[in-house]
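Numbers here are sequence positions counted from 1.
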Amino acid sequence: YMQLAEVYIASKEYEKAVSPLDEAYEIMFSLFGEDDPDTLNVSSRKSAVLYYLERYSEALSIGQKNLDAYTRFYGELNYMRFEQLLIVLKCCIKIGDAEQIKNVKESAIKIGRQLLASDSKQLKELMSL
């Protein structure tokens with residue numbers, strides 16, 4: 001299911017990716033539990049897909065939960081956590097939560113500066129948000 005979802009994501013057919021992501025999540029959750037890295041990966045992909053579908057509140061809810069899990073298991077300085085921070089930040093911007101935007105952006109910049117080259121595309125994108 002995850003491979004099928006990735007095909008849809010690569011084709012920018014986000015609506016079609018939701019069902020396979022849900023199936024993949026259910027399988028991973030039943031086999032390994034909620035905090036398994038593979039389960040967390042599926043959940044992170046779903047958060048991104050929901051963002052692209054403009055379902056910002058759902059994407060934000062899942063993204064925040066994922067951030068907590070990434071922090072517990074991998075610490076703050078983790079690239080997957082950074083990617084999820086970007087999705088959460090973009091959702092906050094779309095929703096218009098100024099306080100959360102400030103907090104998430106500060107955290108993302110701090111982590112991004114440690115993980116990425118100063119001229120990286122992602123860091124430039126982050127700074128422009």
side-chain hydrogen bond (donor to acceptor under 3.5 Å, both in side chains) between S44 and E83, worked out: CA-CA 9 Å; S44 295; E83 283 187 329; over 6 Å; no
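The two residues A59 and L50 come nearest to each other via the heavy atoms CB-CB, 3.7 Å. Taking every heavy atom of both residues into account, Q84 and S47 meet most closely at NE2-OG, 3.1 Å. Nearest heavy-atom pair, C92 versus L60, reported as atom, atom and distance to 0.1 Å: SG-CD1, 3.8 Å. Of all the heavy atoms in L116 and S120, the pair that sits closest is CB-OG, 3.5 Å. The minimum heavy-atom distance linking L85 with A108 is given by the pair CD1-CA, 3.9 Å.
Once rounded to the nearest 0.5 Å, the distance linking CZ of R55 with CD1 of I62 reads 8.5 Å. Note that CG of D97 and SG of C91 are 11.5 Å apart. Values are rounded to the nearest 0.5 Å. Between Q122 atom CD and L115 atom CG the span is 9.5 Å, to the nearest 0.5 Å. Atom CG of L40 and atom CZ of F73 lie 8.5 Å apart (nearest 0.5 Å). Going from atom CG of L126 over to atom CD1 of I109 covers 5.0 Å, rounded to the nearest 0.5 Å. Distance CG/N66 to CG/N41: 9.5 Å, rounded to 0.5 Å.
Between the side chain of S61 and the backbone N or O of E58, no donor-acceptor pair lies under 3.5 Å. At distances below 3.5 Å, not a single donor-acceptor pair connects side-chain atoms of S107 with backbone N or O atoms of V104. In this structure a side-chain-to-backbone donor-acceptor pair under 3.5 Å is present from K105 to L129. Here the side chain of T71 pairs a donor or acceptor atom with the backbone of L67 at under 3.5 angstrom.
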Name every donor-acceptor pair, under 3.5 Å, that has one atom in a side chain of residues 15-23 and the other anywhere in the protein, sequence neighbours excluded.
residue	atom	partner	partner atom	Å
K16	NZ	E13	OE1	2.9
D22	OD1	K46	NZ	2.5

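Here the side chains of P37 and Y74 are in contact, with some heavy-atom distance below 4.5 Å. Looking at Y1 and E26, their side chains never come closer than 4.5 Å, going by heavy atoms from C-beta outward. At least one side-chain heavy atom of Y70 sits less than 4.5 Å from a side-chain heavy atom of M80.
For Q100, there are no side chain to side chain donor-acceptor pair (under 3.5 Å) partners, not counting sequence neighbours. When the salt bridge (charged side-chain N to carboxylate O under 4.0 Å, His left out) test is applied to E34, the partners found at least two apart in sequence or on another chain are K65.
In terms of hydrophobic clustering, with Ile, Leu, Val, Met, Phe, Trp and Tyr side chains grouped at heavy-atom distances under 4.5 Å, L4 and V49 are assigned to different clusters. With hydrophobic clusters built from ILVMFWY side chains whose heavy atoms lie under 4.5 angstrom apart, V7 does not share a cluster with I27.
Note on ring orientation: taking the six-membered ring where Trp is involved, the planes of F29 and Y25 are parallel (angle under 30°, cut-offs 30° and 60°). Classified by interplanar angle (parallel below 30°, tilted 30° to 60°, perpendicular above 60°), the ring pair Y14/Y52 is parallel.
Heavy atoms of other residues, nucleotides or ligands lying less than 6.0 angstrom from CD of Q114 number more than 12.
Residues E6 and R45 are paired through a salt bridge, judged by an N-O separation under 4.0 Å between the basic side chain and the carboxylate.
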